[in-house]
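Have a look at the structure below, then the notes.
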Amino acid sequence: MPAIDFYLLDITYRVAENKPIIVLFARTLDGKRLIIEDDTFRPYFWIIPKPGQLDNVQEKLTKLKIQNNAEVSEISRTEIRKKNLNGKEVEAIKAYTNLPRDVPVLREAVKVWDIIESIHEYDILFVNRYMIDTSLVPMTACTAEGKTENNIFKAEKIKPSEDPQTLADPNILSLDIETYNPEGKQMDMNKNPILMIALHGKEYKKVLTWKRFSTQNTYIEFLDSEKSLLERFVQIIKEQNPDILTGYYSDGFDLPYIKTRAEINKVNLDIGMDNSPLKISSGMTIKAYIAGIPHFDVFRFISKIIGRSLDTETYGLDAIAEEMLGIRKQEVDLDNLYAIWDNNPEELERFCTYNLHDAFLTYQLAVKNLPTIVEMVKIVGLTLYEVNRMGFSQLVEWYLLKEAKAHNQLAPNKPSSQQSKERLAKSYQGAFVFQPKPGLYKDIMVYDYRSLYPSIISSHNISPATFNCTCCSLSAKKVPLEGKEWWFCEKQKGFIPLLIEELITRRMRIKEILRESQDEFLKARSNALKLLGNSFYGYLGFYMSRWYSLESASSTTALARFYIHKVIDGAQAKGFEVIYSDTDSVFFLLKENPLKKATDFVAEINRDLPGLMELEYEGHYPAGIFVSAKLGPYGAKKKYALLSEKREIKIRGFETVRRNWSAVAKETQIEVLNIILKEQNPEKAFNCAQAVIRQLRERKVPCEKVIMYTRLQKEMASYEAIGPHVAAARRMQQRGQTIALGSLIKFIITPGSEKVRERVKLPDEVQEGEYDADYYIHNQVVPAVDKIFEVLGYSRENLVAPKDQKKLDAWFV
DNA sequence: GAGCATCGGGG
DNA sequence: GTGTACGATGCTC
């Protein structure tokens, strides 16, 4: 029988003659598009009868028939299987139906029978069920046997290839649109047309627009209407034939916009590989699907998965591209695009450049993030489209569902709404954070537990199935939680701890290889394994989880507290001064102790740790500063700055660095920390801060350093309190600029005796030196550094009104 | 302070 | 479509 090798890109199904037919969208190894159909797979779900009712249930199932208008739902076939459900062996009936849609109908009918215990896996989408049961892995090579009919390969057998290579160098095409928008942030796709569409591929650049102007740019192509622009867009997608289509928030903006405009202009958007149209599904989250072309929304992936490991707090394209690529967006005044479109089309070129640049950034971000998402696809076993739209808990859940099949486990059900409410109402104790003592320290040793939560779950066999097992009730060690008699099985490894152990050891092996050679794909795999492994703990305590277990989640944190205390107490007993600890890390001072004493101590801790748990050396920091909290004499948690051996400053939690403070405040803070930590010269740092204050007073600070930035949080009309930024926004409106929710407001506070809001001016309205020195001193520079100097014994008054400086005998505590 | 509502991203 | 979102933040009572 003819066989064919292919990369699987996407999957859907259709119904013909009361049979479901799986449709696989693939790319052959030589780059051609291919549709494969498999009509051998049938929907099913599981029923567990009550004890002694197996035959009764089975017989009743065979007779079950639900008539709904012309449609009849029935169980076509049953099988009896021994399965495992949360640690218990059960006899379950596998009930097949004709069509996927029969499953919910029949489940409703069976649900009320009093001879059944429970029903399982009735809500797993048909195509996902297919992916799990066949073990096919998207983006990697698969093999099908069968024959070609009418350009469609009819598969009889289908499986992963012997050597399942990953699709290398896929053809990615990114898109970005610009729209007519006279109302600022408020957008109306039913009213306002698309003005431009930019497309960017590896060797492809194009901007389509429908107003002519003279240009030398060959990538700009003029059309004569929005309708022809959209038609040309469809044509280009078909010509370029991308393996992946990407955009930035294209789920929620670009593609829905294109869809709406295509409907208004009566343009056929049949860009699916089966000629089906672009589908926009608007539930609570809007999604854009194209059959056969995985749609990769970079924003979705970053905001759900990658974002938390980035420094940026906003997920706008500009901030993300700057952090991940080191390239920013082009600056244009988008608020005026509509006016220029109407009145000055000769000025449109820079908007086309801007449009293309956004598509370029998106393309680069897609290339950069694809390896990680592809590794996730390979672990979880669902399509890129699906994985792209999942959060951490869903990734874990689908991974568990896939592995459940392989381990003969039945999946527990999702909670009912009643159950989720009950789960939401419960909480438990989290991580331990050591209250730091404010101070400037030297020779700080930092150790942390490697993958603390995952390694606890694995090493202590934590899972719903192993919780308070009957076999170990007397012998097992209890979880260190007061008032609880909790333990986890010590005889039989649980399904979840087994998987997490696998993830950890797989990652350890990869990291071993990575020590020798830097390989981007192995790095991505390591990253994907880490992200997934770290999500198990959260998953166990997440109220929507199938394998939810509050006992497991709270035992994990209880053990984490136990193990971190072990290090804190042990270090103190050895004579080290512990200055800080948060969740999985401990900071202590070396003082006069030799380094060997610290390494010996840590080796001793490691000897007693079970399983995969390990306390690792994180670093030695020659200097570090911990500042005090807003209130009281104790130190602020999660707020410190360290100097590494490589003489790099590591700042945590100083909010002024991140927020939209003026440059003069930010720069002063960083400079002060640098001098204190690198030169260990508080006096010089103090003088530096005083010098800045003096320069402010003498109006020598350039205006660009005193500009403040705020993004409008509300529509202008809804502001009751007129803060400086609202006053600035009003000024901008008076000058004819369109201001709405989200507009970036730049302003400067100028001198005078009126209220602050009456002294707000826009950057281009002020002369050099025209700023309110007192305002910048007291509201910007001083708050940015006063906590730092407080630690050093300088008071706020010293800083602002320079007199003789206080002399400190010892800078280091 | 709990409970409800909105927002994010995009032009 | 064998599915329904999520976590942070602000506003109101």
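So that the names make sense, note that chain A is the first sequence line, chain B the second, and so on, each numbered from 1. These numbers come from a predicted model, not from an experiment. Side-chain atoms are counted along with the backbone in the values below, which use heavy atoms only and exclude waters and symmetry mates.
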Exercise for the section: Tell me what A:Arg129 touches on the nucleic acid: a base, only sugar-phosphate, or nothing, going by heavy atoms under 4.0 Å. Expected result: base

Exercise for the section: To the nearest 0.5 angstrom, please state how far the OG1 atom of A:Thr62 sits from the CD1 atom of A:Ile75. Expected result: 9.0 Å

Exercise for the section: Would you mind classifying the nucleic acid contact of A:Ile177 as base, sugar-phosphate or nothing, using non-hydrogen atoms under 4.0 angstrom? Expected result: sugar-phosphate

Problem - Identified side chain to side chain contact (heavy atoms under 4.5 Å, CB included) partner of A:Leu325 from the options A:Leu361, A:Val367, A:Ile320 - result: A:Leu361

Practice task
Send over the distance from A:Lys304 NZ to B:dG8 P, rounded to a whole Å.
Solution key: 17 Å

Problem - Candidates C:dC6, C:dA5, B:dG11 - which lies nearest the side chain of A:Phe542 - result: C:dC6

Exercise for the section: Can you tell me the distance, in whole Å, between the CG atom of A:Asn181 and the C1' atom of B:dG11? Expected result: 5 Å

Practice task
Report which part of the nucleic acid A:Tyr130 touches: base, sugar-phosphate, or nothing (heavy-atom distance under 4.0 Å, all strands).
Solution key: nothing

Fill in the blank from the handout: In whole angstroms, the gap separating P of B:dG10 from CD of A:Glu178 amounts to 11 Å

Exercise for the section: Ignoring hydrogens and angles, answer whether the base of B:dG9 and the side-chain atoms of A:Tyr249 contain a donor-acceptor pair closer than 3.5 Å. Expected result: yes

Practice task
Please report, rounded to the nearest Å, how far the C1' atom of B:dC7 is from the CD atom of A:Gln186.
Solution key: 13 Å

Exercise for the section: Give the rounded distance in Å between these two atoms: CZ of A:Arg389 and C1' of C:dG1. Expected result: 17 Å

Practice task
Hey, could you give me the CG/CE distance between A:Leu223 and A:Met196, rounded to the nearest 0.5 Å?
Solution key: 12.5 Å

Practice task
Give a yes or no on whether a donor-acceptor pair under 3.5 Å exists between the nucleobase atoms of B:dG10, that is its base, and the side chain of A:Asp176.
Solution key: no

Completion exercise
Between CG of A:Leu106 and P of C:dT2 the distance, given in whole Å, is 14 Å

Practice task
Taking only the side-chain heavy atoms of A:Tyr122 (C-beta and beyond), determine which of B:dG10, C:dT2, C:dG3 contains the nearest atom.
Solution key: C:dT2

Handout entry: Polar contact flag, side-chain donor to acceptor under 3.5 angstrom, A:Thr312-A:Glu323
Key = no

Exercise for the section: Could you work out which one of C:dG3, B:dG9, C:dT2 sits closest to the side chain of A:Pro43? Expected result: C:dT2

Completion exercise
With the side chain defined as heavy atoms from C-beta on, A:Tyr315 is closest, among B:dG9, C:dC6, C:dT2, to B:dG9

Exercise for the section: Name the closest nucleotide to the A:Gln394 side chain, picking from C:dC6, B:dG11, B:dG10. Expected result: C:dC6

Problem - Sugar-phosphate only, base, or nothing, as touched by A:Gly316 at under 4.0 Å among non-hydrogen atoms - result: sugar-phosphate

Exercise for the section: Classify the nucleic acid contact of A:Lys279 as base, sugar-phosphate or nothing, counting any heavy atom under 4.0 Å across all strands shown. Expected result: nothing

Problem - Sugar-phosphate, base or nothing in reach of A:Thr285, heavy atoms under 4.0 Å - result: base

Practice task
Give A:Tyr180 one of three labels, base, sugar-phosphate or nothing, depending on what nucleic acid heavy atoms sit under 4.0 Å from its own.
Solution key: nothing

Problem - C:dG10 to B:dG9 separation - P atoms, rounded to the nearest Å - result: 14 Å

Handout entry: A:Ser545 side chain vs A:Gly541 backbone, donor-acceptor pair below 3.5 Å
Key = no

Handout entry: Nearest to side-chain heavy atoms of A:Lys414, which nucleotide of C:dT4, B:dG11, B:dG9
Key = C:dT4

Exercise for the section: Provide, to the nearest angstrom, the distance between the NZ atom belonging to A:Lys421 and the P atom belonging to B:dG3. Expected result: 13 Å

Exercise for the section: Could you check whether A:Leu317 gets within reach of a base, just the sugar-phosphate, or nothing at all, counting any heavy atom under 4.0 Å? Expected result: sugar-phosphate

Practice task
Determine whether the side chains of A:Lys426 and A:Tyr428 contain a donor N or O and an acceptor N or O closer than 3.5 Å.
Solution key: no

Exercise for the section: State which of C:dC6, C:dG1, B:dG11 makes the closest approach to the side chain of A:Asp358. Expected result: B:dG11

Practice task
Would you tell me if any nitrogen or oxygen in the side chain of A:Lys329 comes within less than 4.0 Å of OP1 or OP2 on B:dG11?
Solution key: yes

Exercise for the section: Using the C1' atom as the reference point in each nucleotide, state the distance between C:dC6 and C:dT2 in Å, no decimals. Expected result: 24 Å

Problem - For A:Leu230, the option from A:Ile264, A:Leu269, A:Ile258 that meets side chain to side chain contact (heavy atoms under 4.5 Å, CB included) - result: A:Ile258

Fill in the blank from the handout: Side-chain atoms of A:Phe126 come closest, of B:dG9, C:dG7, C:dT2, to C:dT2

Handout entry: P spacing across the pair C:dG7 / C:dG3, given as an integer number of angstrom
Key = 22 Å

Fill in the blank from the handout: Rounded to whole Å, CZ of A:Arg42 lies from C1' of C:dT2 at a distance of 15 Å

